[in-house]
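To start, the structure itself, in structure tokens.
As a basis for the values below, the full set of heavy atoms in this structure was taken, side chains included, without hydrogen atoms, waters or symmetry mates.
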Amino acid sequence: MWFLFALLTAFAWGGADLFYKKGSDSNDRFSHIKIVIMVGLVMGIHATAYMLIQGINFDPTDMIRYFPVSALYILSMTIGYIGLRYIELSIASPVQNSSGAITAILLFIFFTHELNIIEILGVTIVTFGVIGIAILEKNSERESLRISSTQIDKKYQIGFMAIFFPILYSLIDGLGTFADAVYLDELKLISEDAALLAYEFTFFICAVLAFTYLKFIKKEPFNLFKERVKGYAAIFETTGQFFYVFAMSSNAIIAAPLIASYSIFSVILSRIFLKERLSKVQYTVIIVVILGIALLGIADEL
């Protein structure tokens with residue numbers, strides 16, 4: 001089942017990525033904080049509902065036990081939200097999407113894993129395909145702006161901030177996913193339900209702190225009902241997180257790079273819902289990545 005859960009995670013996070021881009025405002029210096037608030041709110045609601053419906057006796061100490069993982073994830077996501085303000089011409093996507101490969105390499109180094117040729121081939125195709133589609137997206141966007149003669153501040157093209165955030169995100173997210181694999185798969189330090197609730201309640205606490213900072217310290221107006229796009233992103237993010245913990249609880253070394261292919265789903269959804277045009281090369285890379293995903297599915301059945 002890990003393969004199905006990983007696919008559902010990638011699809012959900014692809015949808016979240018779509019709405020993150022739509023909801024991020026480069027002119028709003030508090031945009032990333034507002035996204036954190038929306039995501040934390042939705043996760044808090046989901047965690048409460050899931051706990052009550054499933055009749056789970058949640059132990060608050062699980063939040064402390066799982067905190068190293070939660071902290072890495074929340075930090076990387078916040079950095080990612082900040083980086084969205086520089087997304088137009090940054091190299092964010094190809095760098096950020098390498099985090100799955102970082103996780104797989106760390107797991108291979110620190111734990112004993114025997115991968116067959118199909119798994120190695122599948123992971124390689126998916127990883128390089130994801131990075132490839134991100135580079136193509138960046139180049140396509142740059143060409144569109146050049147044709148339209150749009151003037152963009154140089155800092156959004158090659159500035160330090162445009163490079164710093166995606167690199168930092170990739171490293172921290174890769175470490176977070178590695179830690180998650182250790183907790184859920186390698187050493188079984190925590191159950192899937194406990195990990196899910198611990199993470200979502202921790203994110204909810206961060207949202208409360210972020211809201212307090214925004215509303216009472218910065219005196220920044222925040223209307224929950226006017227943040228509809230960010231709300232959609234939060235729903236997809238939470239949906240992906242639900243499937244993610246179950247995907248990572250088995251065969252994490254393969255699941256991590258597969259889940260990183262969510263950017264492919266984001267591109268496909270952009271084509272469907274935003275009517276964005278894709279080049280023949282982009283279609284080719286998407287097909288290649290889907291082939292790599294299919295290989296991982298076949299390997300799961302062997």
Kindly compute the distance separating [atom1] ([X]) from [atom2] ([Y]), expressed to the nearest 0.5 Å.
| X | Y | atom1 | atom2 | answer |
| --- | --- | --- | --- | --- |
| S261 | W13 | OG | CH2 | 11.0 Å |
| L258 | N251 | CG | CG | 10.0 Å |
| L106 | L175 | CG | CG | 6.5 Å |
| L269 | L18 | CG | CG | 6.0 Å |
| F11 | I264 | CZ | CD1 | 14.0 Å |
| M1 | D300 | CE | CG | 10.5 Å |

Side-chain contact test, heavy atoms from C-beta onward, threshold under 4.5 Å: evaluate it for [X] versus [Y] and give yes or no.
| X | Y | value |
| --- | --- | --- |
| H46 | Q241 | no |
| E200 | T238 | yes |
| V36 | M77 | no |
| L115 | I253 | yes |
| Y66 | L196 | no |
| M248 | E192 | no |
| L214 | F30 | yes |
| V245 | L184 | yes |

Aromatic ring pairing F178/F110, orientation class (parallel under 30°, perpendicular over 60°, tilted between): tilted
Any side-chain to backbone donor/acceptor pair from [X] onto [Y]? Under 3.5 Å, distance only.
| X | Y | result |
| --- | --- | --- |
| Y262 | D17 | no |
| K226 | N223 | no |
| D185 | A252 | yes |
| T103 | G174 | yes |
| S170 | I167 | no |
| S249 | F246 | yes |
| Q54 | M51 | no |

Which heavy atom of [X] sits nearest a heavy atom of [Y], and at what distance?
| X | Y | answer |
| --- | --- | --- |
| L72 | A179 | CD1-CB, 4.4 Å |
| G40 | A207 | CA-CB, 3.6 Å |
| A247 | A255 | O-CB, 3.7 Å |
| A195 | I190 | N-CD1, 3.8 Å |
| V285 | G129 | CG1-O, 3.3 Å |

side-chain hydrogen bond (donor to acceptor under 3.5 Å, both in side chains) between E186 and H113, worked out: CA-CA 10 Å; E186 303 294 345; H113 284 279; 2.7 Å; yes
D59 vs T61, side-chain hydrogen bond (donor to acceptor under 3.5 Å, both in side chains): CA-CA, chis, key distance, verdict: CA-CA 5 Å; D59 184 355; T61 59; 2.7 Å; yes
Positive for side chain to side chain contact (heavy atoms under 4.5 Å, CB included) with I259, one of L8, T9, I254: T9
Do the side chains of [X] and [Y] join up, straight or via other hydrophobic residues, at under 4.5 Å, putting them in one cluster?
| X | Y | value |
| --- | --- | --- |
| L224 | V42 | no |
| V123 | F108 | yes |
| L291 | V130 | no |
| I33 | V208 | yes |
| I290 | V281 | yes |

Hey, is [atom1] on [X] packed in by over 12 heavy atoms from elsewhere, all under 6.0 Å?
| X | atom1 | value |
| --- | --- | --- |
| F111 | CZ | yes |
| Y73 | OH | yes |
| N57 | CG | no |
| K280 | NZ | no |

Test of ring centre spacing under 6.0 Å for F5 and Y244: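 F5 vs Y244: aromatic centres not under 6.0 Å.
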CA sep, side-chain torsions, deciding dist, call: I125, L295, side-chain contact (heavy atoms from CB on, under 4.5 Å): CA-CA 9 Å; I125 290 174; L295 286 175; 3.9 Å; yes
Residues F222, E227; criterion side-chain contact (heavy atoms from CB on, under 4.5 Å); working and verdict: CA-CA 8 Å; F222 179 79; E227 303 293 342; 3.7 Å; yes
Test log, rule side-chain hydrogen bond (donor to acceptor under 3.5 Å, both in side chains), inputs Y81 and Y20: CA-CA 8 Å; Y81 299 152; Y20 281 144; 2.9 Å; yes
Sole candidate of F201, Y199, F242, F58 that passes ring-ring contact (aromatic ring centres under 6.0 Å, His included) when paired with Y50: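 Output: one option passes, namely F242.
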